[in-house]
Every structure is written in C-alpha cells, then in structure tokens.
2 protein chains.
Amino acid sequence: MERNLKRMATMHRMQAKGLEMFYQNGYFNTSIDDILKELSLSKGGFYYHFNSKEEYFISIVQQLLFRKVYSQLVAPIEGKEDPLHTIADCLDKSLETAELNFLDYGFELGNFINEFNGKHPEVMRALNDILKVWEVCLITVLQKGKTDGFVSRHADSEAIASFIISSYMGIRTLMVDGNAKNLRYKYMSQLRHYFKLMEHNETV
Amino acid sequence: MERNLKRMATMHRMQAKGLEMFYQNGYFNTSIDDILKELSLSKGGFYYHFNSKEEYFISIVQQLLFRKVYSQLVAPIEGKEDPLHTIADCLDKSLETAELNFLDYGFELGNFINEFNGKHPEVMRALNDILKVWEVCLITVLQKGKTDGFVSRHADSEAIASFIISSYMGIRTLMVDGNAKNLRYKYMSQLRHYFKLMEHNETV
DNA sequence: AGGCTTCCCGACAAAATAGTCGGTTTTACA
DNA sequence: TGTAAAACCGACTATTTTGTCGGGAAGCCT
C-alpha cells in the first residue's frame, strides 16, 4: 500500500505542476524539461509515469481540470432551485476569484480549448467532455427551474446555456489584460439583466 | 518604384501566409521554417524583411488582422443608426461566415489574445489596440443610439459593449468544435432577446 | 539477507528551432 | 552596359525539444 501511495503522490505532484505551468504559458510553450526542472525530477522519472507529453496532458485534464471545473461551476448549481440566481451567483464568485487572483491567466478550460481547437482530437475530446458536463448541468437545472416555476416556460434552456458558457469564456479572457474588477461588474450587471428576461412572470 | 512594389508584394505574401498559419496552428506551434516551406522562400529572405518572429507577428497583427477586424466588425456598424439591430446583423453575418467556413478555427483576434494573455506585452499591446477600436466603436454607436432614440437612456453602453465582445469571443470558440449552425442560431436568438431589453420603449 | 519489483536517474539520440552570415542573383538607373 | 543597391539564397550555429535506454537506489516480501 505504501507503494501505491507514493506512486499517487508523485503523479499528483507532476500533474499539479503541469496544470499550473500549462495554464500559465500554454501547452506548446511549456516543455517537459521546464516542468521537470521545477519539480526537481528527471526525464526517466517522467517517462516512467507517462508515455508522452500529450498523454500526460490528457491525464491532467481528466483528473485535475475536470474536478476544478466541476467544483467551481457545476457543483454549486447542481440540483439547486431558483437556477437563474444560483447561476449568476456562481459565476460572480468565479469571476471574483479570478479578479482577486494576482496571477490570473483566464479560464483554464477555455484557454486549452482555444489552443487545441480543430486539432489534436484526443485532447479536444477530453476538454469537450468537461464542457459538456457543465452544459448539461446548466440545461438540466434550467429545465427543472421551469417545472418549479422559477423560469419562464418559453425560455430555451439549451440556448441560454450556450449563451452563458460563451459569455463566461469571453469575459474571463478579457479580464486577464483589462481592468478585471470593472469588467466583472459590467459583465454581471448585463448578465443579470439578461436573466431577468426569463424569470417566470406570467401574471396568472 | 518597381522596387518598392516588389518589396510590398513579398512582404504581403509573407504576412498573409503567416496569418493563415498562425491562425490555424497557433503562434508557438508554427515555426518560421513551416511558413517558409509553404512560401518557397529562404531563411535569408525572411530575415531580410523582418528582424524576428515576434516583430513579424506584430506586423501581421497591425496590418492584416487590424483591417480584417475593422472591415468585419467595425465598419459595418460605424456611424449607423439603430445600433442594436445593426450590431446584431453584423455579428450574425460574421458568425455565418465562420459557420460556412470549412476551415474555421475561431475568432482570430480572440485566439491570439488567448495565446499571449499575460505575457509578451508588445504583442498584447498590438492585439489590445484592435480590441479597443472595436470596443470604442460599439460604445460610440450605442451612445449615439441613445440620443437618436433607438436605445434606452438607462442602458450602460460600456457594459453592453463588454458583454457583446465577450459573448462573441466565446461563441466563436465554441463553434469550432461544436455544431456551428445550431450554436449560431442559439446565440443569435439569445443576443436578440438581450438587445430587446435596451430598446427605447418609454411610452411617453 | 536475498531477490524482486517499483521508481527514478541522467546521458544520449534525433529532430526541430530561431537567428546569422557570406555570397549570389535581380533590378533600377546613370 | 556597367554598377551599386536591394532582394534573396542556403549552409551553419546555438539551443531546445521529445523521447529512449541501461543502470542504480529504494522498498517489499520471504
């Protein structure tokens, strides 16, 4: 058992540092050597645990990135009532974290999708899987919101979900180099306006 | 004069091919050699015209990318009346081009901003300059829309502009690997709903 | 202690990378 | 037509990159 623990510990250490550096510099602009230097680990050590840079990256995506997105964007709204307010609060919280993060480089998932878009199908599949989980969660919770009387029955849950995702991905990108605080405020104000549209307000 | 023409022609050829390949594969994943091979040009030829890869890229951004964004996203709305409908139509047209483009890799400007975000200040400046032009145009036309009675006086032009930009950047990213046609339709429907909110509709 | 598996080292190979430089071709023009 | 400048060539250097491999250290079980 001690064995397995050590293995897990090392791999996790490698993955965590990898995510950190790929996020900061991008996948293609980060070399295995760069990462290993930071980890004080050797080439042999790396290739003992992973077969290639790409496989390494995919494992990071499936394990670390998935959990990160899930805990930040999915879990806080999953199964909740009053979806519109819940979603808005969840996104605002995410933006707040980004705003306060001195070393923010945007939305990890979004950045990687951008970097791999249209190529590297294996990697894209892993990234799209995460996106899909988020999307499905949004749609589900919006649909439930309809039956629970929080969301207008005319609202198009799928379209709303896509709109939320795209706007969030975009604002995270803009916030990196712009006035994050101001952008966050502006974004949230517009998003909340937009959300008011589909509140259940049929006066019957 | 023939001299200058040839110079311009060659440089333009290099820039055009560079934009094409940087767009397809990303800046860091495209080597000078790759580009030169496609151009049937030599190393010496390249470094005669440009001093470095970065300078080369910046020249591409300032000349080709700027014009591209300008003609597609700025010119069609600049000075126009009824800004909300004009903007919506303009974005829809852009999305249509992307949708029909068999080789779409997202929003060029957005992709590059993503790739350089937080690093390479020189490059980021050039990219942000373009973004700024677009943003200012949006704000201006929205403000004018207020005085002309097309846009509600309570609308926050700056916030709307940011919201438009971020959502557009996001949807372009999503459209690459998703069902572009469907995404475009969903996006435009939500955007138009959102726009309805700020139409001038004070019944006095 | 002996042997076996797991884990890790670091030198090495092979290819790719940005950029340099001396020389050659092309072009303008006197 | 001669000549000088502009435009281009391609071999070369430096470094970096991913990935391999033979071997050694550490832990585990008997």
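So you know, we letter chains A, B, ... as the sequences are listed, proteins then strands, and number each from 1.
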Q.
Which nucleotide wins on minimum distance to the side chain of B/D33, given the candidates C/dT17, D/dT18, D/dA7?
A. C/dT17
(Q) Side chain of B/S52, heavy atoms from C-beta onward: which of C/dG19, D/dT20, D/dT17 has the nearest atom to it? (A) C/dG19
Q | Rounded distance (Å) that lies between atom P of D/dC9 and atom NZ of B/K37 | A | 16 Å
Q: Kindly assign one of parallel, tilted or perpendicular to the pair A/Y187 and B/F163, based on the angle between their ring planes and the thresholds 30° and 60°.
A: tilted
Q) If pairing requires Watson-Crick or G-U wobble contacts with both distances under 3.5 Å, which nucleotide is the partner of D/dA14? A) none
Q: Tell me whether C/dA18 sits syn or anti, counting syn as a glycosidic angle within 90° of 0.
A: anti
(Q) Any side-chain N or O of B/Y47 below 4.0 angstrom from OP1/OP2 of C/dT20? (A) no
Q) Is the shortest side-chain N/O distance from A/H49 to OP1 or OP2 of C/dT6 below 4.0 Å? A) no
Q: Can you tell me which residue pairs pass the salt bridge (charged side-chain N to carboxylate O under 4.0 Å, His left out) test with a partner in residues 163-174 of chain A, sequence neighbours excluded?
A: A/D104-A/R172
Q) Between C/dG10, D/dA6, C/dT6, which nucleotide gets closest to the side-chain atoms of A/Y48? A) C/dT6
Q: Find the partner of C/dT27: check Watson-Crick (N1-N3 plus N6-O4 or O6-N4) and G-U wobble (N1-O2, O6-N3) distances, both under 3.5 Å, and reply none if neither fits.
A: D/dA4
Q) Are A/K53 and A/Y27 in a cation-pi setup, meaning NZ or CZ lies under 6.0 angstrom from the ring centre and within 45 degrees of the ring axis? A) yes
Q) Which nucleotide in the list D/dC8, C/dT20, D/dC9 gets nearest to the side chain of B/L41? A) D/dC9
Q | Length of the CG-P vector between A/L39 and C/dC7, whole Å | A | 17 Å
Q) When you check the phosphate oxygens OP1 and OP2 of D/dA7, does a side-chain N or O of B/R7 lie under 4.0 Å from one of them? A) yes
Q: Please tell me which of the listed nucleotides, C/dG10, D/dT17, D/dC9, lies nearest to the side chain of A/D34?
A: D/dT17
Q) The side chain of A/K53 lies closest to which of these nucleotides: C/dG19, D/dT18, D/dC8? A) D/dT18
Q. CZ of A/R192: more than 12 outside heavy atoms within 6.0 angstrom?
A. yes
Q.
Between B/S31 and C/dT17, is there a contact of a side-chain N or O with OP1 or OP2 at under 4.0 Å?
A. yes
Q. Roughly how far apart are B/L127 CG and B/F116 CZ, rounded to 0.5 Å?
A. 7.0 Å
